[in-house]
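This is a predicted model, so every value here is computed, not measured.
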Amino acid sequence: FVRKPGAQQALRRINEGVFLFGQDPKPIEVTPLEQNDEEDGMPEKFVPKNDQYKKEREKDPHFAPHGSFEYEFGMRWKQLDEMEKKRVESVKKEMEEARIKLEDEMQNALYDYQAEQIRQDLLRQQEELRRLEELRNQDRMRRQQELEMRTMNRRAEEERSRQQEERRRQEMMMRQQQEMGRRGGSGMDAGMGR
């Protein structure tokens with residue numbers, strides 16, 4: 001079409017009526033063409049002219065008259081096409097809703113999974129903290145026991161040293177007394193001899 005109004009009028013008439021392209025009572029369907037430079041189409045001179053083509057072209061393109069066989073079957077074809085479009089649209093909607101639902105379920109499952117991972121990490125960290133505290137307590141008890149043992153050993157050593165010192169002092173006192181006794185006894189013996 002040279003002008004857009006002519007194309008729109010033809011589009012409306014074909015979609016409202018039953019336009020047959022040849023002998024087949026299946027009507028053609030027309031949609032507006034999106035203009036793309038790379039789509040040139042195929043000129044009719046390149047279409048193979050086989051028996052099917054010749055049979056279709058026995059009758060020129062035309063609108064089927066109301067109430068005719070062609071019109072009745074043409075309308076049934078149009079109704080079938082319309083039903084197919086509605087079903088395709090319905091399936092598209094269902095699939096879109098299913099995608100949205102699945103996306104939502106996936107996000108919820110992902111949040112649940114991440115929350116579970118965090119809970120498990122937290123439990124592991126709490127277990128690690130408990131284990132570290134237990135090790136710290138054991139280490140503190142060991143050091144306290146070592147300190148007590150060192151203190152007891154030191155006191156025992158001090159007691160031994162004190163006892164040894166006491167024994168030495170007593171031995172020294174006994175020696176001094178013995179010496180004094182020897183000195184005093186020698187002087188007495190000498191006085192008696194006179």
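- Ser161 places a side-chain N or O within 3.5 Å of a backbone atom of Glu157 that can act as its donor or acceptor partner.
- A distance of 12.0 Å separates CD of Glu134 from CZ of Arg136, quoted to the nearest 0.5 Å.
- The CD atom of Gln144 sits 10.0 Å away from atom OG1 of Thr151, with the distance rounded to the nearest 0.5 Å.
- We find that Asp139 and Arg143 are joined by a salt bridge, their nearest charged nitrogen and carboxylate oxygen being less than 4.0 Å apart.
- The closest donor-acceptor contact from the side chain of Lys78 to the backbone of Gly17 lies under 3.5 Å.
- Inter-residue side-chain proximity for Gln176 and Glu171 is flagged as unmet; no heavy-atom pair is nearer than 4.5 Å.
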Kindly determine whether Gln164 and Arg168 satisfy side-chain contact (heavy atoms from CB on, under 4.5 Å), including the steps that lead there. CA-CA 6 Å; Gln164 285 175 354; Arg168 267 186 285 198; 3.9 Å; yes

With side-chain contact (heavy atoms from CB on, under 4.5 Å) as the criterion, how do Gln9 and Arg12 come out once you've worked through the C-alpha distance, each side chain's angles and the decisive distance to 0.1 Å? CA-CA 5 Å; Gln9 184 179 3; Arg12 186 175 37 77; 3.6 Å; yes

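- With salt bridges taken as basic N to acidic carboxylate O contacts below 4.0 Å, one links Glu146 and Arg142.
- Remark: the backbone N or O of Leu11 is paired with a side-chain donor or acceptor of Asn15 at under 3.5 angstrom.
- Annotation: side-chain contact (heavy atoms from CB on, under 4.5 Å) contacts of Gln120 (sequence neighbours excluded): Glu116, Gln117, Arg124.
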Please report the C-alpha distance between Glu165 and Arg160 in whole Å, then the side-chain angles of each, then the deciding distance to 0.1 Å, and finally whether the salt bridge (Lys or Arg N to Asp or Glu O under 4.0 Å) criterion is met. CA-CA 8 Å; Glu165 185 64 34; Arg160 274 194 297 276; over 6 Å; no

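- Considering only residues two or more places apart in sequence or on other chains, Phe69 meets the ring pair (Phe, Tyr, Trp, His ring centres under 6.0 Å) condition with Phe73.
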So Phe19 and Arg13, side-chain contact (heavy atoms from CB on, under 4.5 Å) or not? Walk me through it. CA-CA 9 Å; Phe19 186 72; Arg13 279 198 66 205; over 6 Å; no

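- For Val18 against Gly74, the heavy-atom pair with the smallest separation is CG1-CA, 3.6 Å.
- Rounded to the nearest 0.5 angstrom, Arg99 CZ and Met106 CE are separated by 13.0 Å.
- Using a 4.0 Å cut-off between charged nitrogen and carboxylate oxygen, Glu29 and Lys85 count as a salt-bridge pair.
- In this structure the side chain of Gln126 never reaches within 4.5 angstrom of the side chain of Arg130, judged on heavy atoms.
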Begin with the C-alpha distance, continue with both residues' side-chain angles, and end with the deciding distance and a verdict on side-chain contact (heavy atoms from CB on, under 4.5 Å) for Glu133 and Leu129. CA-CA 6 Å; Glu133 285 177 350; Leu129 180 62; 4.0 Å; yes

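- Rounding to the nearest 0.5 angstrom, the gap separating the CZ atom in Arg162 from the CZ atom in Arg167 is 10.5 Å.
- Note that CE of Met173 is 10.5 Å distant from CE of Met180, once rounded to the nearest 0.5 Å.
- Heavy atoms from other residues, nucleotides or ligands lying under 6.0 Å from CG of Asn108 number more than 12.
- Atom CD of Glu166 is separated from atom CD of Glu159 by 10.0 Å, given to the nearest 0.5 angstrom.
- Under the side-chain hydrogen bond (donor to acceptor under 3.5 Å, both in side chains) criterion, the residue pairs touching residues 62-75 are Lys59-Glu70, His62-Glu70, His66-Tyr71, with sequence neighbours excluded.
- Contact check on Glu158 versus Arg154 returns a salt bridge, with a Lys/Arg side-chain nitrogen under 4.0 Å from an Asp/Glu carboxylate oxygen.
- In Lys49, the NZ atom is crowded: over 12 heavy atoms of neighbouring residues, nucleotides or ligands sit closer than 6.0 Å.
- Using modelled atom types, one finds a donor on one side chain and an acceptor on the other under 3.5 Å when comparing Asn137 with Arg140.
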